[in-house]
**Q** 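Quick one: structure below, then a few questions.
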Amino acid sequence: MAEPSRNMEVEKLISYTDDLVTVLVEPRDLNNLSYCHQQKLSMSSTSHSHHQDVRSSLQDCEKKVDACKQQIEEARSETVSDAELDLLQRGLEEELEKERLLKEEFRAIGEEFNDLEQQWISVQGQKKTLQKIEKTKLRAQMILSMYASVTNIVPDLGEQTKISGYIVDKDKDAVEKFEYDTSKMTAFDICNGVWKIISE
């Protein structure tokens, strides 16, 4: 009866270490950051293209306004009918309104572009932070793996009030749980207990 129970403990330990490794190397945050970065580049490219189109339209509109003003001046210098003058004046007003709208759109695109730049700066900061976190996780994983290899002890990192874990004996195919209550034992006694487990 002891052998099946021992196998179940080994399976639990393997499952626990698999879960721990999964937590330590979870790439989801980095994937989300990469996706955000790609979206920013796409939006920036579209905004830049739209910005150029609006600038070109604005320049065309300014040329039309200048031409319309010149026509009005030429019409005033010549004796033209009031109907022609009114028509030219309406044309000028329409072009001026188009110019005003284009300037507003140009300003809005500039603000959007500035927002994208701020988002890019923020994304870069988040990327650096995530890279540091990944390095810390990898280092912790390597340290935990080294401790387990040297001491045959896998600590239970989820327990905050107690020092606990599992002793793995590969030769005997056995797993034994240990636990020390920090409120009832001194750090010295706990340290001696852990050393005793390792040396057995």
**Q** Once you round to the nearest 0.5 Å, how far does NZ of K98 lie from CG of D60?
**A**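 One gets 11.0 Å once the value is rounded to the nearest 0.5 Å.
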
**Q** If two hydrophobic side chains count as joined below 4.5 Å and joins carry through other members, does I190 share a cluster with W195?
**A**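 Yes, it is one cluster - the side chains of I190 and W195 are joined through contacts under 4.5 Å.
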
**Q** Applying side chain to side chain contact (heavy atoms under 4.5 Å, CB included), can you list everything that pairs with I153, at least two apart in sequence or on another chain?
**A**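 With sequence neighbours excluded, I153 shows a side chain to side chain contact (heavy atoms under 4.5 Å, CB included) to T151, I167, F178, V194, I197, I198, given in chain and number order.
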
**Q** Quick one: NZ on K137 to CG on L130, what's the gap to the nearest 0.5 Å?
**A**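 If we round to the nearest 0.5 Å, K137:NZ and L130:CG are 8.5 Å apart.
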
**Q** Please confirm whether the backbone N or O of Q118 pairs with a side-chain atom of S122, one donor and one acceptor, at under 3.5 Å?
**A**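 No, S122 side chain to Q118 backbone: no donor-acceptor pair under 3.5 Å.
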
**Q** Between Q124 and K127, is there a side-chain heavy-atom distance shorter than 4.5 Å?
**A**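 In short, these two side chains touch, coming nearer than 4.5 Å.
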
**Q** Could you tell me whether the side chain of K69 reaches within less than 4.5 Å of the side chain of L92, counting heavy atoms only?
**A**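 When only atoms from C-beta onward are counted, K69 and L92 do touch, with a gap below 4.5 Å.
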
**Q** Does the pair R90 and E93 meet the rule for a salt bridge (charged side-chain N to carboxylate O under 4.0 Å, His left out), with working shown?
**A** CA-CA 5 Å; R90 280 198 300 273; E93 289 171 357; over 6 Å; no

**Q** How long is the gap from OG1 on T186 to OH on Y180, to the nearest 0.5 Å?
**A**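 The OG1 atom of T186 sits 11.5 Å away from the OH atom of Y180.
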
**Q** What is the distance from atom CG of L138 to atom CD1 of I143, rounded to the nearest 0.5 Å?
**A**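 The CD1 atom of I143 is 10.0 Å from CG of L138, to the nearest 0.5 Å.
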
**Q** Compile the donor-acceptor pairs under 3.5 Å between side chains in residues 101-111 and protein atoms, sequence neighbours left out, one pair per line.
**A**
{"unit_1": "E104", "atom_1": "OE2", "unit_2": "R100", "atom_2": "NH1", "d": "2.5"}
{"unit_1": "E105", "atom_1": "OE2", "unit_2": "H50", "atom_2": "NE2", "d": "3.0"}

**Q** Mind checking the OG1-CD spacing from T129 to E134? Nearest 0.5 Å is all I need.
**A**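 If we round to the nearest 0.5 Å, T129:OG1 and E134:CD are 12.0 Å apart.
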
**Q** State the CG-CE distance between N192 and M185, to the nearest 0.5 angstrom.
**A**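 It comes to 8.5 Å.
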
**Q** Looking at K162 and D181, what are the two nearest heavy atoms and their distance?
**A**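 Closest approach of K162 to D181, heavy atoms only: CG-CA, 4.3 Å.
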
